Amino acid sequence: QVQLVESGGGLVQAGGSLRLSCAASGSICSINVMGWYRQAPGKQRELVAAITSGGITNYADSVKGRFTLSRDNAKNMVSLQMNSLKPEDTAVYYCAASKHSMVTTKIYGMDYWGKGTLVTVSS
């Protein structure tokens with residue numbers, strides 16, 4: 001139905017930057033919200049950032065001022081620019097997409113998921 005492919009993960013030192021990208025394909029006309037989740041070992045999956053097709057964004061408090069989420073509707077792609085990275089940002093980052101509004105997505109979750117890309121921040 002919808003396929004999400006992430007890229008850009010890797011190893012970076014604390015204070016450095018990485019840019020994650022997610023390309024959507026398939027039934028992309030049905031997608032409204034796109035965003036990124038992350039999951040560290042022994043920790044629950046958490047929402048990092050999300051963006052609507054109109055460009056409205058939500059960020060986790062822990063990444064506000066450091067991460068920026070952008071969306072290119074023509075290219076069916078979202079990018080997460082991560083600056084001032086901290087060791088606690090280390091996690092597998094998952095691109096995700098929803099058919100619904102931001103409010104509905106917050107309640108019921110995302111509909112489609114990528115396979116994840118590992119971000120490791122060393123001290």
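Values in this document were obtained by computation on a predicted structure and should not be read as measured data.
- Residue Ala14 comes nearest to Ser123 through the heavy atom pair CB-CA, 4.4 Å, listed as atom of the first residue, atom of the second, then distance.
- One hydrophobic cluster, built from ILVMFWY side chains closer than 4.5 Å, cannot hold both Trp113 and Leu69; they sit in different ones.
- For the pair Tyr112 and Leu4, the tightest heavy-atom approach, listed with the atom from each and the gap, is O-CD1, 3.6 Å.
- No continuous path of ILVMFWY side-chain contacts below 4.5 Å connects Tyr37 to Val48, so the two sit in separate hydrophobic clusters.
- Residues Asp89 and Ser84 approach most closely at OD2-O, 4.5 Å, considering heavy atoms.
- Residues Leu80 and Ile31 fall within the same hydrophobic cluster, defined by Ile, Leu, Val, Met, Phe, Trp and Tyr side chains chained together at heavy-atom separations under 4.5 Å.
- Through direct or relayed side-chain contacts under 4.5 Å between Ile, Leu, Val, Met, Phe, Trp and Tyr, Ile56 connects to no other residue.
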Exercise. Could you please spell out the steps behind the side-chain contact (heavy atoms from CB on, under 4.5 Å) verdict for Ser122 and Val12?
Key: CA-CA 6 Å; Ser122 65; Val12 66; over 6 Å; no
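- Atom CD of Gln3 has 12 or fewer neighbouring heavy atoms from other residues, nucleotides or ligands inside a 6.0 Å radius.
- Cluster annotation: Met77 is not connected to Tyr94 through the hydrophobic network of ILVMFWY side chains, with a link wherever side-chain heavy atoms come within less than 4.5 Å.
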- Walk me through it: do Gln81 and Ser21 pass the test side-chain contact (heavy atoms from CB on, under 4.5 Å)? CA-CA 9 Å; Gln81 179 66 44; Ser21 295; over 6 Å; no
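- Here the closest non-hydrogen pair linking Met102 and Asn58 is CG-ND2, 3.3 Å.
- A donor-acceptor pair under 3.5 Å is formed between the side chain of Glu6 and the backbone N or O of Lys115.
- Residues Ser101 and Thr104 have side chains that bring a donor and an acceptor to within less than 3.5 angstrom of each other.
- The cluster map of Ile, Leu, Val, Met, Phe, Trp and Tyr, joined by side-chain heavy atoms under 4.5 Å apart, puts Met34 and Leu47 in different clusters.
- Listed here is the closest heavy atom pair of Lys99 and Asp111: N-OD2, 2.8 Å.
- Qualifying ring-ring contact (aromatic ring centres under 6.0 Å, His included) partners for Tyr59, counting only residues two or more places apart in sequence or in other chains: none.
- Note on Glu46 versus Arg38: salt bridge recorded, some NZ/NE/NH1/NH2 to OD/OE distance being below 4.0 Å.
- Looking at every heavy atom in both residues, Ala50 comes nearest to Val33 through CB-CG1, 3.9 Å.
- At a cut-off of 3.5 Å, with distance as the only test, no side-chain donor of Asn32 or Ser98 sits close to an acceptor on the other residue.
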* To do: Show your working on side-chain contact (heavy atoms from CB on, under 4.5 Å) between Thr117 and Val92 and close with a plain yes or no.
  => CA-CA 5 Å; Thr117 185; Val92 177; over 6 Å; no
List the steps and the verdict of side-chain contact (heavy atoms from CB on, under 4.5 Å) for Ile51 and Val78.
CA-CA 9 Å; Ile51 186 169; Val78 292; 4.1 Å; yes
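- Counting heavy atoms from C-beta outward, Phe67 and Leu85 have side chains that approach closer than 4.5 Å.
- With a 4.5 Å cut-off on side-chain heavy atoms, Gln13 and Val121 do not count as touching.
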